[in-house]
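Okay, so here's the structure we're looking at.
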Amino acid sequence: MSEQDVDDVAFLTGDSNTGLHKRSIYEHNGVAVCSQKRALCIATIVFAVLFAISLIIAFAGPQNDCPCAGEKPANLEAEEDKESSKPLATNGEVFPWNNVRLPTFAHPTRYNITIHPNLTTLEIKGQVTIEFYVDKETNFIVFHSKNLTISEKMVQDRKGHRLKVAKLLEYPKHQQLYLELEESKFRKRGNYTVHLRFVSKLSSELEGFYLSSYITADGEKRYLATTHFEPTYARSAFPCFDEPQFKAKFKMSIFRDRFHIALCNMPVVNTEDAGFYMGTGLLRDDFQESVEMSTYLVAFVVCDYERVSEMTRRNVSVSVYAAKSMLPQAQYAVSIAARIMDYFELFFGVHYPLPKQDLIAIPDFAAGAMENWGLITYRETSILYDPVETSTIAHQWIAIVIAHELAHQWFGNLVTMKWWNDLWLNEGAASFLEHKGVNHVSPQWGMMDQFILEKTQPALRLDALVSSHPISVPVKDPSEIEAIFDAISYSKGASILYMLESFLCEDVMKRGLNDYLNSHSYQNADTNDLWAVFTKHSNHTFDVKAIMDTWTQQMGFPLITISREGNIITATQKRLLLSPVDNETELLLPKSPFNYKWYVPLSYYTDKEPQNVHNVWMNMTDVTFEIPTDVEFIKGNINQTGFYRVAYPEEMWTSIISTLINNHTKFSPADRANLIDDAFTLCKAGILNATIPLELSVYLLNERDFVPWSTALEHFSSWASKLSESSGYKRYLKFIKRLIGPVIRYVNWKDDGPHLRKLLRSNILHCGVWVNLEDVVKSAHDLFNDWMLKGKSISSNLKEVVYSAGIKYGGEKEWNYCWEAYQKSQIPSERRILLNALGQATDPWLLQRYLLASLDRDKVRPQDVEGVFAVVSRNQEGKLLAWRHLKAYWSKMQAMFGNGTFTLSGLISIVTSDFSTEYDYQEVSEYFKNVDVGGSQRALEQSLETIKLNIHWVNENVETINQWLINYLNEHAS
Ligand SMILES: *[C@@H]1O[C@H](CO)[C@@H](O)[C@H](O)[C@H]1NC(C)=O
Ligand SMILES: *[C@@H]1O[C@H](CO)[C@@H](O)[C@H](O)[C@H]1NC(C)=O
Ligand SMILES: *[C@@H]1O[C@H](CO)[C@@H](O)[C@H](O)[C@H]1NC(C)=O
């Protein structure tokens, strides 16, 4: 699955929530889960001590079953179990299976599924025949079903003899069915079939088998029915063994009206007139039987779309399906998909095993995209590209998401994780391979430099919080699984694989992956299986498991501190935490099996020989090495390929900064970005004086590259929101204005040049509008008026800045014009830009109107609500309104999104984590004391930690920054 895209707020929206509070009382490893929870509680105490504020209650919400003293009464667990040791089925009988996991003795091998959805009445009729065998004698089986009404059941042995069913019980809490035989037993290694008929309804949420719709160019509303099963929603479409290790073959048949088509993982092999079935002249499509696959990868769609197709080099047909009026926007996706398929076949050395690949644009879609095998579903903005209207950044996003899902066709679909605790590996690998895939088809885009911007830096930011979590976490029930689709899984997972590749070499990684995919095809594997092939193909040069365990089993990452004594360099490692922690409170933090030490591949070069790359291993230890005496500084973590940060001694920083200012191209763009990122972050952590990042920033007067600028702008905007209530705020904006002056002239207003220049231009001009740089605002405003009053078109990369300026410095008329354009546009990428721009208004009345409109799903699709909140709360004028709105409509939004989805977590992070005053902190923690935040507990904790951190940072730095700015601006008065 791909994360959703909320521009410019990747860090905030990607925020994690592991939902550990919903701990099931039946799980085996409750202890492990609880120790993590306890860890959070302890962290809470740490803050309470540090800031002398009572936070305890905020964290000890009603669902909290782990006493915050850090000690769990010994009898608590036992009591809980006793209390609920009699789970009751829907009919009041005891449900005999009391584990949220299915028994392992029954193995499905084949499903025949017939589905008849009606897009008018929303009714679904279905039947499923599951072939299975058992590997021990038993009189019952257990499988999944969620809110399906079973109308008929039958069990047969291989010869077709019926076995009498004693009972079929349903236990909604675990979404399970229990089927018991009367008299007879399932015999060891015997083959059986269970046959069920059921009815249900198309869901209105964006999961399971659900209804979506779109408006045609003529204003007519059309419906489609589509699926989203990952991680645990296949069970709400048909009864099944809904865990990833139960792979089976699927054979689908779908009834539909004549004016629709039906799509599935496999191609149609036969279409029959099924008039007799209902007497209504329906058609039935029968699909080819699939290969062995997991339930969460099954997909089917009924719609009235059309398609464009292309062939891969091996003649696999690749098609993109979209509504007729959007079909021209599907052309880019289909051609790049075919080329990326070719690339991955070569890269993995394994043929794509299905006869076709379909990609389809779904108007209502919760994630960015979903890798269903052979039928990949996408949010419209993740696939539809208009050469004139779509901006470069949206274009790149489409390439990335397409590559991400295609990488999964091998890594994830062909070889699947045994259980969801390895989700990080699945998503981390796809998030890493997506960049390689795009890098291959568009080498001039500099994707591996952008990788650090999109993955490494955001992951490092989040993982430096006390309330982070290890990427490898035990998970049990559906809400816990849902909660690990977070930035730590995706981005830290990707970053440590990038680091792994950098020390293994691409070739070893390729051979390892090939071996892994071949030896586990159509089966399941776990992280250790992957480490094993890498160890093998590195000829045992590396014990990959030992190295990588230190990165996956403990949270956080090391700060490598460099010190120098003559020509001896000492590099020490210590976990980097942004929150100030003294020795005493450190003892209270959660323990790690590795004591927060890592195997660090430390790379560096010296200023005297920048071409000469050195690698030293820190084997959970510190290290010393020699450098020539005349060396002034070393640059560690070359191109930020490692998942760690580096702190230099002061004289090295000074020397680095003067090198940057004199000739910044002595460092690669990725190294420049890395230096900016490390300097600002170390200041945030209280390790570096604020004057260092400020002095370093001055070199940006000469910077013309996208990646360093983008890194800097991220930090500038983060500083700005923290400084916004301080006296030096305007001075700070003035400083930024001065820094961007030269690059504004360089990028200019002509939307041309190479890819990265276009990205840079959008970012820089946008910053110009933000800080109210007169020329920029005036030009943008003129372009806006030409568009609004004379219908002049705006080139795609200037739209965001022009619309934003028009709205930010305009009034109701401008806003209404954009709002109408938003409602009318048939171009998803254009709608996206308008959605962002609308939140730039400065009139509270307009912002309020906007927030209210986002509650109406006919005006703003639920999947876009997060985007609305993101722009409004990043707007200084909108920040408090967004917070008020979140409180006022919390329960409505909870009903709208459900507790398990990432949307609520995202909303909490987006709206609150930029706060930086004690007053706001109190507000947030008080408010959530009495609110059920469901799966968003961790997001809330991370937000509270971030606010604390902001407050602390402002207190510590605001004077220094102000003083530095006064001096600098005096010296450079223009
Ligand atoms: C599934 O469908 C196929 C083809 O329609 C049929 O040959 C097979 O017997 C069916 N299997 C079961 C278990 O019903
Ligand atoms: C179960 O499905 C019915 C329709 O078949 C629907 O009305 C109801 O809201 C669903 N319940 C849950 C808990 O999803
Ligand atoms: C759905 O129901 C409508 C109205 O009853 C009917 O016209 C249509 O043919 C049905 N479609 C399917 C696929 O059953």
Side-chain angles (χ1 to χ4, degrees), residues 111-129 148 151 196-204 206-216 220-229 233-234 236-238 240 250-290 298-309 317 319-327 330 355-365 370 372-378:
Y111 291 76
N112 277 6
I113 303 170
T114 304
I115 289 264
H116 176 182
N118 189 306
L119 275 58
T120 314
T121 63
L122 309 185
E123 274 159 15
I124 303 169
K125 296 197 192 80
Q127 47 179 311
V128 56
T129 305
L148 303 170
S151 57
L196 303 159
R197 276 181 188 273
F198 57 92
V199 293
S200 66
K201 286 226 153 183
L202 282 168
S203 169
S204 56
L206 309 183
E207 57 196 41
F209 193 19
Y210 70 92
L211 191 72
S212 176
S213 65
Y214 69 95
I215 310 280
T216 65
E220 190 190 334
K221 193 165 187 177
R222 300 274 177 83
Y223 291 94
L224 58 150
T226 183
T227 56
H228 180 85
F229 290 166
Y233 304 116
S236 60
F238 54 89
C240 56
F250 291 82
K251 190 169 181 337
M252 294 284 311
S253 294
I254 298 178
F255 286 94
R256 61 171 169 92
D257 286 310
R258 278 171 198 280
F259 50 85
H260 280 140
I261 56 168
L263 299 168
C264 185
N265 305 82
M266 301 296 286
V268 174
V269 285
N270 175 42
T271 298
E272 298 242 337
D273 203 314
F276 63 90
Y277 179 77
M278 294 276 292
T280 48
L282 300 181
L283 299 179
R284 192 194 69 227
D285 287 321
D286 299 326
F287 295 86
Q288 189 181 328
E289 184 170 72
S290 77
V298 173
F300 37 91
V301 179
V302 176
C303 62
D304 65 353
Y305 282 5
E306 297 187 12
R307 69 167 181 179
V308 290
S309 303
S317 161
S319 306
V320 175
Y321 285 84
K324 188 170 180 203
S325 67
M326 305 224 176
L327 211 56
K356 61 98 177 170
Q357 180 71 271
D358 293 335
L359 294 76
I360 184 166
I362 305 291
D364 298 278
F365 199 78
M370 174 64 212
N372 318 298
W373 214 352
L375 176 56
I376 310 176
T377 42
Y378 292 83

Inter-residue atom distance [X].[atom1] - [Y].[atom2], 0.5 Å rounding:
| X | Y | atom1 | atom2 | value |
| --- | --- | --- | --- | --- |
| Q357 | S317 | CD | OG | 9.5 Å |
| S319 | E306 | OG | CD | 12.5 Å |
| Q127 | T114 | CD | OG1 | 4.5 Å |
| D286 | K251 | CG | NZ | 5.0 Å |
| I261 | D304 | CD1 | CG | 8.0 Å |
| F250 | Q288 | CZ | CD | 15.5 Å |

Test L202 against Y210 for side-chain contact (heavy atoms from CB on, under 4.5 Å), laying out the working first. CA-CA 5 Å; L202 282 168; Y210 70 92; 5.9 Å; no
Please report the shortest heavy-atom distance between [X] and [Y], naming the atom on each side.
| X | Y | result |
| --- | --- | --- |
| C303 | L224 | CB-CB, 3.7 Å |
| V298 | N372 | O-OD1, 3.9 Å |
| M266 | P355 | CE-CD, 3.8 Å |
| K356 | G374 | NZ-O, 3.0 Å |
| G208 | S236 | CA-OG, 3.5 Å |
| I115 | I113 | CG1-CG2, 3.7 Å |

Quick one, F287 and N265 - any side-chain contact, counting heavy atoms below 4.5 Å?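 The answer is no, as the side chains (C-beta and beyond) never meet within the 4.5 Å cut-off.
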Could you check whether any side-chain heavy atom of P117 comes within less than 4.5 Å of a side-chain heavy atom of F209, counting everything from C-beta outward?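 The answer is yes; the side chains approach within 4.5 Å.
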Begin from the C-alpha positions of I124 and V199 and carry the test side-chain contact (heavy atoms from CB on, under 4.5 Å) through to its verdict. CA-CA 6 Å; I124 303 169; V199 293; over 6 Å; no
Ring geometry between Y111 and F238 (parallel below 30°, tilted from 30 to 60°, perpendicular above 60°):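 Taking Y111 first and then F238, their aromatic rings stand perpendicular (interplane angle over 60°).
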Should Y305 and I360 be marked as a side-chain contact (heavy atoms from CB on, under 4.5 Å) after you check the CA-CA gap, both sets of side-chain angles, and the distance that decides it? CA-CA 9 Å; Y305 282 5; I360 184 166; 3.6 Å; yes
If you apply the rule side-chain contact (heavy atoms from CB on, under 4.5 Å), what do you find for L375 with Y321, and how did you get there? CA-CA 10 Å; L375 176 56; Y321 285 84; 5.7 Å; no
E123 bridged to K125 by N-O distance under 4.0 Å: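 No, E123 and K125 are not salt-bridged.
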Is any NZ, NE, NH1 or NH2 atom of the basic residue among R258 and D273 found under 4.0 Å from an Asp or Glu carboxylate oxygen of the other?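 So R258 pairs with D273 through a salt bridge.
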Report the residue from T227, I362, D358 that forms a side-chain contact (heavy atoms from CB on, under 4.5 Å) with T377.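 With T377 as partner, side-chain contact (heavy atoms from CB on, under 4.5 Å) holds for just one option, I362.
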Can you check whether F365 and H228 have ring centres sitting under 6.0 Å from each other?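 Yes, the ring of F365 comes within the 6.0 Å limit of the ring of H228, centre to centre.
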Would S212 and D364 count as having a side-chain donor-acceptor pair, cut-off 3.5 Å?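 A pair is found: one side chain offers a donor N or O, the other an acceptor, under 3.5 Å apart.
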